[in-house]
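The structure appears right after this line, and notes come after that.
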Amino acid sequence: MHNSSQLKKEFIKKWVQGLQICCSSKKQMNLLERKKKIKLSADIALATAKNATTSWSKALISEAKRDKENEILVQNLESHELKFMVSHQKVTCNKRIRSKKILKTSCGFGKRIKKMGPRRSDLATCIAKRLVKKKTQVLKKLVPGGEAMDDFTIFKEALDYILSLRVHFKISSWNNDTKNRA
C-alpha cells in the first residue's frame with residue numbers, strides 16, 4: 001500500500017504524462033473535449049498510481065479501455081504486470097456476478113414469503129438493516145466497479161477510493177493555487 005507522499009508523486013508523474021499524451025493525440029479540442037481528457041487522464045493516473053491493487057482502480061482502467069480512443073493513453077500509463085492483472089480481473093469479476101445470481105435463485109432468495117409484521121423489538125433492527133442496505137447500494141454505485149463487490153469489500157474499497165480522491169483533490173487544488181498566483 002502506498003503512503004500519501006508516494007501516491008502523490010506517482011499520481012503527478014502519471015497525470016502529467018497522460019496530459020502530454022492527450023495533448024499530442026489531438027491538436028484541435030474544444031473546451032468540453034479538453035475537460036473530458038483532463039478527467040480521464042486524472043482517473044487513469046490515479047488508478048495506475050495504485051498499481052491496480054484495488055477493485056476500483058481495476059474498474060477505472062477497464063472502463064477506460066472500452067473506448068478505442070483511450071487505449072493509447074491506458075497502454076502508456078500502465079505497467080506490464082498491471083495489464084496482465086486487469087485482463088484476468090475482468091473474467092473473474094464476471095464469474096463472481098454469475099455465481100451470485102445462480103446462488104440466489106437456487107436458494108430461493110428471489111422469492112419472498114409474506115410473513116406477519118415484525119415484533120416491536122425487531123422493528124428497529126429491521127429498519128436499521130434496510131437503511132444499511134440502501135446506503136450500501138448507493139455506495140456500490142459511487143465506487144467504480146462496486147456493483148460486483150460484496151458488502152465488506154465495498155466499505156474497504158470505498159475508504160481506499162476516498163483517500164485516493166483526497167490526494168487527487170489536494171494536488172488539483174495546489175495546482176490551481178499556483179496558477180492563480182502566477
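Position 1 is the first residue of the sequence; numbering continues from there.
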Check against side chain to side chain contact (heavy atoms under 4.5 Å, CB included), K140 and D151 = CA-CA 9 Å; K140 285 183 178 186; D151 291 347; 3.6 Å; yes

In one Ile/Leu/Val/Met/Phe/Trp/Tyr side-chain cluster, 4.5 Å: L159, V132 =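 No, separate clusters.
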
Output all residues satisfying ring pair (Phe, Tyr, Trp, His ring centres under 6.0 Å) with Y161, sequence neighbours left out; order by chain, then residue number.
->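 Ring pair (Phe, Tyr, Trp, His ring centres under 6.0 Å) list for Y161, sorted by chain: W56.
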
Partner residues of [X] under the side-chain contact (heavy atoms from CB on, under 4.5 Å) criterion, sequence neighbours left out:
| X | value |
| --- | --- |
| I12 | V16, I171 |
| L32 | N30, K36 |
| E63 | R66 |
| L19 | W15, I38, S41 |

Just so I know, are the side chains of [X] and [Y] near enough to count as touching, which here means a heavy-atom distance under 4.5 Å?
| X | Y | result |
| --- | --- | --- |
| K39 | K35 | no |
| T136 | I154 | yes |
| L40 | D67 | no |
| V143 | M149 | yes |
| I61 | T48 | yes |

Determine whether the side chains of D150 and T153 contain a donor N or O and an acceptor N or O closer than 3.5 Å.
->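 Side chains of D150 and T153: pair found under 3.5 Å.
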
Step by step, would you call V167 with K170 a side chain to side chain contact (heavy atoms under 4.5 Å, CB included)?
-> CA-CA 5 Å; V167 167; K170 285 180 183 178; 5.8 Å; no

K14 side chain vs L77 backbone, donor-acceptor pair below 3.5 Å |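 Yes, K14 side chain to L77 backbone: donor-acceptor pair under 3.5 Å.
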
Going through the checks in order, is the side chain to side chain contact (heavy atoms under 4.5 Å, CB included) test met by S164 and L7?
-> CA-CA 8 Å; S164 299; L7 184 60; 4.1 Å; yes

Under the side-chain hydrogen bond (donor to acceptor under 3.5 Å, both in side chains) test, which residues partner K141, sequence neighbours left out?
->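 Residues passing side-chain hydrogen bond (donor to acceptor under 3.5 Å, both in side chains) with K141: none at all.
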
Rounded to the nearest 0.5 Å, what's the gap from [atom1] on [X] to [atom2] on [Y]? Could you check?
| X | Y | atom1 | atom2 | answer |
| --- | --- | --- | --- | --- |
| I21 | Q75 | CD1 | CD | 10.0 Å |
| D43 | S57 | CG | OG | 11.5 Å |
| H168 | L163 | NE2 | CG | 14.5 Å |
| K156 | S55 | NZ | OG | 8.5 Å |

Supply the members, apart from L142, of the Ile/Leu/Val/Met/Phe/Trp/Tyr cluster built from side-chain contacts under 4.5 Å; use none for a lone residue.
->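 Hydrophobic cluster check, L142: joined to V138.
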
Heavy-atom closest contact (N76 atom, Q17 atom, distance) =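 Shortest heavy-atom contact: O-NE2, 3.6 Å.
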
